[in-house]
Number of protein chains: 2
Amino acid sequence: MSAAQDDHRPEAGTDPRAPRRRDAAGTRQLLLESARDLFATNGYRATTVRDISEAAGVNVALINRYFTSKVGLFQACLSGAVNELGAVPRNISLEQISSRITAQLAGVDKARHPHQLLLLLRTSGDEQAEEIRLGILHSFAERLASAAGWEPEDPDSDRMLLHAQVALSAALGISLLRASTGLEPLASAGEQELAEPFHRLITALLSRT
Amino acid sequence: MSAAQDDHRPEAGTDPRAPRRRDAAGTRQLLLESARDLFATNGYRATTVRDISEAAGVNVALINRYFTSKVGLFQACLSGAVNELGAVPRNISLEQISSRITAQLAGVDKARHPHQLLLLLRTSGDEQAEEIRLGILHSFAERLASAAGWEPEDPDSDRMLLHAQVALSAALGISLLRASTGLEPLASAGEQELAEPFHRLITALLSRT
DNA sequence: GCCGTAAGTAAACAACTGCTGACTTGCCTC
DNA sequence: GAGGCAAGTCAGCAGTTGTTTACTTACGGC
């Protein structure tokens with residue numbers, strides 16, 4: 001487990017029957033993390049608020065207190081995900097971005113945030129949440145495209161953006177298939193094995209011709 | 001929703017209040033098709049048996065009569081999908097298979113079976129259904145690999161299979177993103193626009209080096 | 001030390017889910 | 001035309017879901 005998060009977890013080693021320490025920000029964070037993992041892993045509908053609250057070791061009613069509703073919590077998860085996944089330097093090379101995505105796919109820091117990417121494939125049916133999701137996906141694709149030298153006023157802008165979105169689709173597809181099936185050898189391929197085909201894919205789609 | 005679905009629907013233009021024509025095989029088929037569309041479009045959990053029966057214009061109880069349970073119906077959908085998607089000639093070229101997949105992605109016969117591929121990304125939680133799904137995915141990947149000249153005893157068999165599975169992931173990812181978001185230009189790209197990047201992708205991953 | 005506020009709890013709600021059993025009705029055979 | 005049987009209907013069950021409400025309790029300022 002990561003230290004950074006556990007700081008918020010109220011007294012990790014205490015007797016669970018002891019009355020809970022009061023820390024609004026902490027419990028909020030706890031709920032957010034549990035929800036993100038469960039939503040990503042099992043999807044929105046398959047995840048119940050009781051699952052989440054139980055995983056966080058927190059009362060169910062607090063979900064509605066802090067996030068208004070289940071979809072409110074889901075929206076918060078999405079908005080939070082962009083912050084962590086989004087820390088990408090401005091002028092990154094295609095090689096670098098390919099390696100980064102591969103690392104995410106391989107689940108390097110799986111312990112902390114399992115399948116963070118998967119959250120972007122989960123649908124809630126809520127319109128507002130869908131917009132957030134779409135926004136994240138769009139900006140991801142744009143960043144991918146710009147790493148390939150794309151610029152907004154490019155004459156065949158659409159083509160490059162399309163290619164980037166195809167590459168993004170591939171990454172997400174891999175992520176989903178690895179997580180939700182035992183499809184071998186894909187499911188248990190390490191970062192090394194994954195890097196080669198994925199780098200090929202990126203190069204084929206995005207390198208300047 | 002699509003009005004006319006199939007030849008199997010008993011007397012399409014009749015007064016709906018009139019007593020239903022009795023045709024067990026027909027109703028079964030009707031349920032299968034409605035279920036396949038809804039499962040593919042909205043996922044397993046988000047689709048209720050009442051949704052399905054309503055879409056099929058059939059009584060809810062018949063789902064349990066003909067398919068035992070909701071997951072039974074889902075399994076039947078999966079098993080059925082392999083038959084239709086699986087009609088691929090033995091020695092097909094890489095180019096041909098690429099075109100076929102592109103056609104599926106573009107939704108050429110969307111009217112009949114929207115997003116057939118999506119069904120392969122839907123999880124029910126049921127172990128038996130997961131096995132069916134896994135089996136289909138695996139055989140798809142193998143067919144893709146063998147179109148690239150792969151043979152089971154190949155020395156680096158795993159590597160080729162992995163590449164094929166990555167390609168398959170890409171196809172499924174594209175399908176999912178097109179269906180579940182308005183991500184442009186990907187979402188409304190035609191068969192032409194899709195063919196180019198996807199063919200690149202296939203070639204990069206699967207062409208003999 | 002007291003006390004108000006905010007954090008956390010418990011129980012129950014209404015709606016929805018998959019499923020079942022007893023019932024009705026149309027079709028085919030004799 | 002009568003009767004048997006399969007196809008289809010109906011109402012309701014038991015469990016789950018998200019959410020709310022009224023309650024209890026810890027913490028910090030006075």
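Computation of the quantities below employed the complete heavy-atom set of this structure, encompassing side-chain atoms and omitting hydrogens, waters and symmetry-equivalent molecules. Residue numbers begin at 1 in each chain, while the letters A, B, ... track the order of the sequences. Keep in mind that this is a model prediction, so the values were computed, not measured.
Regarding A:I63, its CD1 atom lies at a distance of 16 Å from the C1' atom of C:dA7, rounded to whole Å. As rounded to whole Å, 21 Å separates atom P of C:dT5 from atom CG of A:D23. If you take CG of A:L31 and P of D:dG18, they are 14 Å apart, rounded to a whole angstrom. Between the CG atom of A:L62 and the C1' atom of D:dG18 there is a distance of 15 Å, rounded to whole Å. If you take CG of B:L73 and P of C:dG18, they are 11 Å apart, rounded to a whole angstrom. Regarding A:I52, its CD1 atom lies at a distance of 11 Å from the P atom of D:dT17, rounded to whole Å. Atom pair A:N42:CG and D:dT17:P shows a separation of 12 Å (rounding to whole Å applied). Atom-to-atom, CZ of B:R45 to C1' of D:dG18 comes out at 14 Å; the value is rounded to the nearest Å.
Residue order along DNA chain C, read from the 5' end via each residue's closest nucleotide, puts A:N59 first among A:R50 and A:N59. Nucleotides of DNA chain C nearest to B:S69 and A:R65 differ in position, and the one nearer the 5' end is that of A:R65. Each of A:T48 and A:T68 was assigned the nucleotide of DNA chain D with the nearest heavy atom; the assignment lying further toward the 5' end belongs to A:T48.
Distance from the side chain of B:T27 is smallest to D:dG8 among C:dT9, C:dG18, D:dG8. Closest to the A:R22 side chain, of the nucleotides D:dT25, D:dT19, C:dG8, is D:dT25.
Considering OG of A:S34 and CD1 of A:I52, their distance stands at 8.0 Å, rounded to 0.5 Å.
Looking at heavy-atom distances under 4.0 Å, A:Y66 makes contact with sugar-phosphate atoms alone, never a base. Among the heavy atoms of the strands, none lies under 4.0 Å from A:S53. Residue contacts shown for B:V60 are absent, as no nucleic acid heavy atom lies under 4.0 Å away.
B:E184 and B:S188 are linked by a side-chain donor-acceptor pair at a separation below 3.5 angstrom, with hydrogens and angles left out of the test. A:S98 and A:E95 form no side-chain donor-acceptor contact under 3.5 Å, judged by distance and modelled atom types alone.
Contacts classified as salt bridge (Lys or Arg N to Asp or Glu O under 4.0 Å) and involving residues 44-55 of chain A (residues at least two apart or in different chains) are not found.
Of the side-chain N and O atoms in A:N64, one or more sit less than 4.0 angstrom from OP1 or OP2 of D:dT19.
A:F39 does not carry A:K70 over the face of its six-membered ring by the limits of under 6.0 Å from the centre and within 45° of the normal.
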